[in-house]
There are 2 protein chains.
Amino acid sequence: MELPERQGRMTTSSRIYDILRQDLVNGRFEAGEKVAISALRERYDVGLSPLREALNRLAAYGLLIQENQRGFRVPRLERRELEDVASLRRELEGMALERAILLGDAEWESELLAAAHRLKRADMAGRGEEWERLHVRFHRTLVAPCGSIWLLRFIEQLHDQFDRYRRLAPEAPEVRRVLDAQHDELVRLALERDGGAARQLMDDHIHRSYEVALCGIKA
Amino acid sequence: MELPERQGRMTTSSRIYDILRQDLVNGRFEAGEKVAISALRERYDVGLSPLREALNRLAAYGLLIQENQRGFRVPRLERRELEDVASLRRELEGMALERAILLGDAEWESELLAAAHRLKRADMAGRGEEWERLHVRFHRTLVAPCGSIWLLRFIEQLHDQFDRYRRLAPEAPEVRRVLDAQHDELVRLALERDGGAARQLMDDHIHRSYEVALCGIKA
DNA sequence: CTAGCCCCAATAATCGATTATTCGATAGTC
DNA sequence: GACTATCGAATAATCGATTATTGGGGCTAG
């Protein structure tokens, strides 16, 4: 069995990029805050060059805002933008799911079941970082065989944006239970190859999730 | 009248980013080629730090591929990817155009007419860099009031990817005439607020353009 | 008072030099 | 003869120091 070997040894720049991306999505930085580069330098114990390269990448990715001669800022959280992101997620993930259901093979079915199962088990163990990781992975697995690299790329980007809002929202156990049930339902519909119904369900899933996330704004 | 003032004085990093982006889209680099950083340093007469920052941004944007410890490469041109990009462009620009037609105001109508007119005039003067610039601008104006920042962002990104292919394709005057006529037709349908027909036409427009671009592959 | 200006501390951007890694050529081994 | 190990030049990544720009506080003139 050969290991995928990640991708060569990691460079400092890439390491700090991954860390910052996680931290930004998890809301470890105040929205709207100016990024104090030298503070980050200490906090993560890295040099200026790799740090600035990571910040540049994050700005191009949309998790930071870069202003010439004025450094970097964390984007504000605006109701208007959450609507935008959620609306696009519905369009794009719906589209991707339909295509995935057309194109996905038997191996995909297996991975889907596995991902859903792992997610449910992490749920029992208490919703934490592990659950978040597996949740992202589940949604990624759902749309993975859609056949479009660019669609997957955009979906991932929107997912990160969306999660900035969602992770700040207060717990909503009743809605959460519905959302969790929908995960299983999505798997069922995918296995049955019912693209139309799956798309509709995904649409509803994201919409409910959006309503939860809304509660986190200005809180 | 106040000038928009671009955005503060440009930083070396941003300048070189803009230049490289143009050059990459225009095919001034061999597809698949490894980017020789020190060669670029001389060619554009810039320092290493701003250059690397620009390259990092371009990689995050999708116009370069970054491999840890192995620098940057220009992405290959693959039929498979052109299909992907074109197909997504049709979906997203169609969606954006429909929304723009719902939301666009009178000022938009004026700018649309102006953009179309400028484009036609540049056409007479011979299709060159200026025409390319105005063509991008026309398409951007069409979808501008769609109301979604992220949709516009993705569309621009796909446009850049698409143009990498299109600009390598040989001239196709007959198709070109049809495509030009479609520009005016798009304006007409937009002014008439016929979202459905406009979307359909945009779909056809991109598809024909795709067929032209196809001829440029492996040429 | 207040608008405008100037200066200085903070910090963003860039440079030049250094360190780490890769890639290809060559030599050695089975 | 094919495979692996090793070495060195080429080049990617990073560091430390320098330069340029901003933003705010106090001063001055109206």
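First the proteins, then the strands, lettered A, B, ... as listed; each starts at 1.
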J.: Go through the steps to decide whether B/Asp160 and B/Arg164 satisfy the test salt bridge (Lys or Arg N to Asp or Glu O under 4.0 Å), and finish with yes or no.
T.: CA-CA 6 Å; B/Asp160 277 351; B/Arg164 284 190 71 216; over 6 Å; no

J.: Please list, in numerical order, the residues of residues 37-55 of chain A that have a heavy atom closer than 4.0 Å to any atom of DNA chain C.
T.: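 Heavy-atom contacts with DNA chain C come from A/Ile37, A/Arg52.
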
J.: Apply side-chain hydrogen bond (donor to acceptor under 3.5 Å, both in side chains) to B/Arg79 and list each qualifying residue two or more places apart in sequence or on a separate chain.
T.: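 For B/Arg79, the residues satisfying side-chain hydrogen bond (donor to acceptor under 3.5 Å, both in side chains) (neighbours in sequence not counted) are B/Glu83.
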
J.: Excluding sequence neighbours, so at least two apart, what forms salt bridge (Lys or Arg N to Asp or Glu O under 4.0 Å) with B/Glu109?
T.: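 With sequence neighbours excluded, B/Glu109 shows a salt bridge (Lys or Arg N to Asp or Glu O under 4.0 Å) to B/Arg193, given in chain and number order.
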
J.: Measure the distance from CD on B/Gln69 to C1' on C/dT19 and round it to the nearest whole Å.
T.: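 For the pair B/Gln69 CD and C/dT19 C1', the rounded distance is 11 Å.
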
J.: Round to a whole Å and report the spacing from CG of B/Asn56 to P of D/dA12.
T.: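 Going from CG in B/Asn56 over to P in D/dA12 covers 13 Å.
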
J.: Would you mind reading off the distance between B/Tyr17 atom OH and C/dA13 atom P, rounded to a whole angstrom?
T.: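 The answer, rounded to whole Å, is 16 Å.
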
J.: Using a strict threshold of under 4.0 Å (side-chain N to carboxylate O), is an ion pair present between B/Asp163 and B/Arg166?
T.: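 Counted as a salt bridge, because a side-chain N and a carboxylate O are separated by less than 4.0 Å.
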
J.: Quickly work out the B/Asn68 CG to D/dA13 P distance and round it to whole Å.
T.: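 In whole Å, D/dA13 P and B/Asn68 CG are 7 Å from each other.
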
J.: Return the value, rounded to whole Å, for the distance between atom CZ of A/Arg70 and atom C1' of D/dG23.
T.: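 To the nearest whole Å, that distance equals 10 Å.
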
J.: Within the pair B/Thr11 and C/dA12, is there a side-chain N or O less than 4.0 Å away from OP1 or OP2?
T.: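 So the side-chain polar atoms of B/Thr11 never come under 4.0 Å of the phosphate oxygens OP1 or OP2 of C/dA12.
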
J.: Check side-chain hydrogen bond (donor to acceptor under 3.5 Å, both in side chains) between B/His207 and all other residues, then give those that pass, not counting sequence neighbours.
T.: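 B/His207: side-chain hydrogen bond (donor to acceptor under 3.5 Å, both in side chains) contacts with B/Arg90, B/Glu211.
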
J.: Given axes from five pairs at either end, by how many degrees does the helix from C/dC1-D/dG30 to C/dC30-D/dG1 bend, rounded to 10°?
T.: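 End-to-end axis angle for the helix from C/dC1-D/dG30 to C/dC30-D/dG1: 20°, rounded to 10°.
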
J.: Is it the case that B/Tyr17 and A/Asn56 place a side-chain donor and acceptor less than 3.5 Å from each other?
T.: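 Judged by distance alone, the side chains do not pair up.
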
J.: With under 30° as parallel and over 60° as perpendicular, where do the rings of A/His139 and A/His135 fit, or are they tilted in between?
T.: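 Perpendicular.
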
J.: Calculate the interatomic distance between B/Met10 atom CE and D/dT22 atom P; express it in whole Å.
T.: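 From B/Met10 CE to D/dT22 P: 14 Å.
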
J.: Taking only side-chain nitrogens and oxygens of A/Lys34, does any of them come within less than 4.0 Å of OP1 or OP2 of C/dT11?
T.: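 So the side chain of A/Lys34 is outside the cut-off, no N or O lying under 4.0 Å from OP1 or OP2 of C/dT11.
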
J.: Which whole-number value in Å describes the distance from B/Leu64 CG to D/dA12 P?
T.: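 That distance rounds to 13 Å.
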
J.: Take atom CZ in B/Arg73; do more than 12 heavy atoms of anything else shown fall under 6.0 Å from it?
T.: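 Check passes, neighbour count above 12.
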
J.: Quick one: A/Arg15 CZ to C/dA20 C1', roughly how many Å, whole number?
T.: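 From A/Arg15 CZ to C/dA20 C1': 14 Å.
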
J.: For A/Asp84, what residues pass the side-chain hydrogen bond (donor to acceptor under 3.5 Å, both in side chains) criterion, not counting sequence neighbours?
T.: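 side-chain hydrogen bond (donor to acceptor under 3.5 Å, both in side chains) check on A/Asp84 returns B/Ser148.
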
